[in-house]
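Convention: sequence-line order gives letters A, B, ...; per-chain numbering from 1. In this text the structure is predicted, and so the values were computed from the model without any measurement. Heavy-atom basis, side chains included; hydrogens, waters and symmetry copies ignored.
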There are 2 protein chains.
Amino acid sequence: MPQKPFVSAQEVAERAGVSRSAVSRTFTPGASVSPETRRRVVEAAEALGYHVNHLARGLMRNESGIVCLIVSEMSTPYRANLIRAMTQQLQNAGKIAMLINTDRSDGSVDLALRQAIRYRADASIILSGMPDRSITQLCLKNGQRLVLINRDDDQQGPLRINLDDAEAAGRVVTAFVRAGCRRLAFANSQAGTPSLMAREHGFVAAAKTMGLPVRVERHGPTDYESGRVLAQRLLTLSERPDAVFCATDLLACGFMDAARHQFRVAIPDQLCVVGFDDIEQAAWSSYDLTTFAQPVEMIAREAVAWLVNESGQAAGDDSVRFQPNLVWRSSVRGG
Amino acid sequence: MPQKPFVSAQEVAERAGVSRSAVSRTFTPGASVSPETRRRVVEAAEALGYHVNHLARGLMRNESGIVCLIVSEMSTPYRANLIRAMTQQLQNAGKIAMLINTDRSDGSVDLALRQAIRYRADASIILSGMPDRSITQLCLKNGQRLVLINRDDDQQGPLRINLDDAEAAGRVVTAFVRAGCRRLAFANSQAGTPSLMAREHGFVAAAKTMGLPVRVERHGPTDYESGRVLAQRLLTLSERPDAVFCATDLLACGFMDAARHQFRVAIPDQLCVVGFDDIEQAAWSSYDLTTFAQPVEMIAREAVAWLVNESGQAAGDDSVRFQPNLVWRSSVRGG
DNA sequence: TTGTATGCGTTATCAA
DNA sequence: TTGATAACGCATACAA
């Protein structure tokens, strides 16, 4: 039950013996105010503990400075790292991040966007889930900018940042073949997101052109435990694969652990493994996993640069595509 | 350069043929409005795509619904998990999280709190760093609630949530002794935060009462790489330790990897290891680390419950203490 | 239950 | 450069 604890520009003005406008101008970059007036205002503000009310400022300027980050499973290494990069870039650009967790229900991405509208966020960045078309249209109509990361949607209006998953997956086939592998497998979750499916299809397609069949297995959520289950499925086959491409590093870690500790499979001697994301753990020496590095910093930079760009929304093609970098480590022979 | 894209209550009122107040009341829980009026308002709002402006509402009510999360190194497993739990709990309580990254400079916690004040956040939750006393006083004076997680500060006013680190550390000595270990070591970073130091001191003190000396080593930031370095230091001693308590799981993972892969030390046969935090990776079978589980969900629940609690700030003693749970795994003999 | 009028803390406009 | 005044969108005291 808050009273009126915050000090207003009015009070500062009175103490400094100037008008509210003078106070406002003092805290508005690029406004004209005399050095003497500024000094008195700053002094009074300091003494009173005055801070500009961004709620009111946002109301006036119709620009809150808020950018919504909409994300599920935010504690997984890749997501957490992306959030870190995003908040940092946003702050550098003078914006502030509002974080919305969509772990609960399925329509919660829409709910999150509604929340973004209520707080008059200047923009929303969607890291997971797919919003309904009607709600994205509502955002855009309300002048709110939208960024979709790895969503691979074909909607016009939002900025779409994607990786070339299929092309990357193709490179894995080449690597496996060079390492002398012939019995390929793909380990995926059942999440079915565009990125994951693109990796799967890209891998299968590239293998097909080389005349190699691929055993595809899918299971559960995209996490460590699913990786273990997938290893149990693939390593108990009569025809055991000698190379596995896991859709993410988390799956790969689980897969490798089960392969080594449960099935006594030597990596890379008996089995080559490749992951995706280059999470921190991939570099840990227990895994030393060959994987694709997502250009997290570039993604964040690109997204924020587009958001703060004043040139309307017509910046030509609002779609950016990055090539993930293959990081060679010891989970694949040769290299 | 946003125009006037958002639809206001005024427009809804006109379309519904009622007054602005009627619209306001329709969206204010517990306000008196007739079913018929409500129906017409809701219909008009739906058609126009109206959403209450929380900036304006916050201005009126002097309550923004915003809670600031101030955190550094937010992509580390423990922090990321705490952020996830916090955002979830906040949303359940009808609040929204604003995330501020303080990775950059040292005074940035103060800067973050200033930002929180500017957005008139109802509360701030500090997960890392120590704010200056003057700035916390400013927050409190402005009616903003403050929660300090694992900061172990003695300030009055904020809610302080802490673990009993020292007591937990004492239990590790007992476990090591039971496992037959005699040459104890403590591996710490140079961060010097209250939690880490409490673990160190608690461990050393408990060992002393049992007449056992402890080799303490500190190095770098609190991460995986430091764990490796610490292993290099401790495992090249002429008198090699047979038990190591690492201040965090991240340090422990690095330590174990270096111990096994670089020094061919068998865990737990030749060396017992205990960590702290129970991050997800601690349960991965490459580590299977005995460690202390932080009650993350309870911490988040407690913090949010205190924040939304209407009963002034005089809820007696604003300090909560949790006992971390020792999770037994295979990095310690016996168990 | 409904409408009218007032105020929340800003910034933008305009005249001085 | 400065100050008075009008918005911004909403909630609420009060009168009807």
Value in whole Å for how far the [atom2] atom of [N] lies from [atom1] of [X]:
X	N	atom1	atom2	value
B:Arg20	C:dG7	CZ	P	15 Å
A:Phe27	C:dA12	CZ	P	15 Å
A:His54	C:dT11	NE2	C1'	13 Å
A:Gln10	D:dG3	CD	C1'	12 Å
B:Glu14	D:dC10	CD	P	13 Å
B:Asn62	C:dG7	CG	P	17 Å
B:Glu63	C:dG9	CD	C1'	17 Å
A:Leu55	D:dG9	CG	P	14 Å

**Item:** Distance test, side-chain N/O of A:Arg57 to OP1/OP2 of C:dT11, below 4.0 Å
**Value:** yes
**Asked** For C:dT11, does either OP1 or OP2 sit under 4.0 Å from a side-chain N or O belonging to A:Ser24?
**Response**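 Answer yes for this pair, as a side-chain N or O of A:Ser24 is under 4.0 Å from OP1 or OP2.
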**Request:** May I ask you to list the residues of residues 30-52 of chain B, by number, that have any heavy atom positioned under 4.0 Å from an atom of DNA chain D?
**Result:**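 Correct list: B:Tyr50, B:His51, B:Val52.
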**Item:** Salt bridge flag under 4.0 Å for residues B:Arg39 and B:Glu43
**Value:**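 Between B:Glu43 and B:Arg39 there is a salt bridge, with a charged N closer than 4.0 Å to a carboxylate O.
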**Prompt:** Tell me, do A:Thr136 and A:Ile126 make a side-chain contact under 4.5 Å, heavy atoms counted?
**Reply:** no
**Asked** Is any side-chain heavy atom of B:Phe322 less than 4.5 Å from a side-chain heavy atom of B:Asn162?
**Response** no
**Prompt:** Would the number of heavy atoms belonging to other residues, nucleotides or ligands and lying under 6.0 Å from CZ of B:Arg79 be above 12?
**Reply:**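 Yes - once you tally the heavy atoms of other residues, nucleotides and ligands closer than 6.0 Å, there are more than 12.
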**Request:** Assess whether atom CD of A:Glu36 is packed by more than 12 heavy atoms of other residues, nucleotides or ligands within 6.0 Å.
**Result:**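 Atom CD in A:Glu36 is packed in, count exceeds 12.
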**Prompt:** For the atom pair CG (B:Leu59) and CZ (B:Arg120), what is the distance rounded to the nearest 0.5 Å?
**Reply:**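 That separation rounds to 9.0 Å.
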**Request:** Indicate whether the side chain of B:Glu73 and that of B:Ser128 have a donor and an acceptor atom separated by less than 3.5 Å.
**Result:**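 Side chains of B:Glu73 and B:Ser128: no pair found under 3.5 Å.
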**Message:** Side chain of B:Ala22, heavy atoms from C-beta onward: which of D:dA4, C:dG3, C:dT10 has the nearest atom to it?
**Reply:** C:dG3
**Request:** Go through C:dG9, C:dA12, D:dT5 for me and flag the one nearest to the A:Arg61 side chain.
**Result:**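 Nearest listed nucleotide: C:dA12.
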**Request:** Identify whether any heavy atom of B:Ser8 sits under 4.0 Å from a base atom; if not, whether one sits that close to sugar-phosphate; answer base, sugar-phosphate or nothing.
**Result:**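 Answer is sugar-phosphate: B:Ser8 comes under 4.0 Å of backbone atoms only.
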**Item:** First encountered from the 5' end of DNA chain D, between B:Met60 and B:Arg25
**Value:** B:Met60
